[in-house]
Amino acid sequence: MAGKKKFYVVWKGHRPGVYDSWNECQRQTAGYAGALFKSFSTRKEAEQALRDPASVKSKPSSKKSMYYVVWHGHKPGIYTSWEEASAQIRGADHPKYKSFGSKELAERAWKEGPEEFSGRSFKKTRDLTADEKLRIGTPNMLSISVDAACNARTGACEYRGVITDSGTQIFHQGPYEKGTNNIGEFLALVHALAYLHKSRSDMPIYSDSRIAMKWVAQKKANTSTANPKLQQLIKRAESWLKENTYSNPILKWETKAWGEIPADFGRK
């Protein structure tokens, strides 16, 4: 049975108006920053909503712009809809492509090539204002990056640390049952601190978890677990923080500007 006919209002897009197909609505919103649109069951409702947006009771959708860089495909380039990008990849010999939330980053990736952007996700990036760029800056690649992953179904968590510049793994622990992502992030940070302390290095450490950074600063993990092994590891990490000093800066990895942290497990 065919689905019920819908009409689409585009308030903010390449060409605002009322459209009678989802494909046409997509064409008007794909690649448009802050696009606003909504579906209606009748053309009369849609036209009224276009004339008077305040009359719409439910909130219109806000579509995040995505950019798809196709380095190797039928027709390489940057595309603003997955439909167009996938057509360049489908059936191509060894295609290479990646999704970006930032137009600026996508254009840079297109110029620099796939090698500089392999192994990490950039879907959560977005274009930044001049003030944001100045405040965030660029990452110090001579550093260690840490991250954790947790299986939502089983609660098994693991963590690892890598050299930020090369992605070379220097430690990996777990999985541990009955854990959480925050526990893994906390243990990863303390593991990195102990690792650098042993080699007397003041290299900075990046984490994308503000909670784990806070726990390290207060030398206490505000959490609990039913796993005795994890309980032991948490207590040992807290003891290490209380008994040792360190000069390593612990820095926030800015995912929206730089993409996923290099230690990411790549399971998103």
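Here, residue 1 is the first one in the sequence, and each next residue gets the next number.
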- For Glu24 and Arg27, what are the C-alpha separation, side-chain angles and deciding distance, and is it a salt bridge (Lys or Arg N to Asp or Glu O under 4.0 Å)? CA-CA 5 Å; Glu24 186 58 34; Arg27 278 194 283 273; 2.8 Å; yes

- Query: Residues in ring pair (Phe, Tyr, Trp, His ring centres under 6.0 Å) with Phe40, at least two apart?
  - Reply: none

- Message: If the condition is side chain to side chain contact (heavy atoms under 4.5 Å, CB included), which residues does Thr180 pass it with, not counting sequence neighbours?
- Response: Asn182, Ile183

- Find out whether Phe117 and Phe100 are in side-chain contact, i.e. whether some heavy atom of one side chain is under 4.5 Å from a heavy atom of the other. yes

- By side-chain hydrogen bond (donor to acceptor under 3.5 Å, both in side chains) - contacts of Tyr97 (at least two apart): none

- Message: Other members of the hydrophobic cluster containing Met141, with the 4.5 Å side-chain heavy-atom rule, please.
- Response: none

- Evaluate the criterion ring pair (Phe, Tyr, Trp, His ring centres under 6.0 Å) for residue pair Trp11 and Phe37; output intermediate values, then yes/no. CA-CA 6 Å; Trp11 288 280; Phe37 58 96; 8.8 Å; no

- Query: Residues two or more places apart in sequence or in another chain: which of them pass side-chain hydrogen bond (donor to acceptor under 3.5 Å, both in side chains) with Glu83?
  - Reply: none

- Query: With Lys133, which residues qualify under side-chain hydrogen bond (donor to acceptor under 3.5 Å, both in side chains), at least two apart?
  - Reply: Glu104

- Return the set of residues passing side-chain hydrogen bond (donor to acceptor under 3.5 Å, both in side chains) with Gln218 (not counting sequence neighbours), or none when no residue passes. none

- Task: Please write out which residues are connected to Trp253 in a hydrophobic cluster, directly or through intermediates, given that two of Ile, Leu, Val, Met, Phe, Trp, Tyr count as joined at side-chain heavy-atom separations below 4.5 angstrom.
- Result: Leu128, Ile136, Tyr206, Leu251, Trp258, Ile261

- Note on the structure: Residues passing the salt bridge (Lys or Arg N to Asp or Glu O under 4.0 Å) test with Glu177, sequence neighbours excluded, are none

- With distance as the sole test, does Asn248 use its side chain to make a donor-acceptor pair with the main-chain N or O of Met203 at under 3.5 Å? yes

- Distance under 6.0 Å and angle within 45° of ring axis: Lys5 vs Phe7: yes

- Task: Could you tell me whether Trp22 and Tyr8 have their ring centroids closer than 6.0 angstrom?
- Result: yes

- Item | Residues that His197 engages under ring pair (Phe, Tyr, Trp, His ring centres under 6.0 Å), provided they are two or more places apart | Trp240

- Task: Quick one: list whatever passes side chain to side chain contact (heavy atoms under 4.5 Å, CB included) with Lys96, sequence neighbours left out.
- Result: Trp71, His72, Pro114, Glu115

- Query: What pairs with Lys75 under side chain to side chain contact (heavy atoms under 4.5 Å, CB included), at least two apart in sequence or on another chain?
  - Reply: Tyr79, Gln88

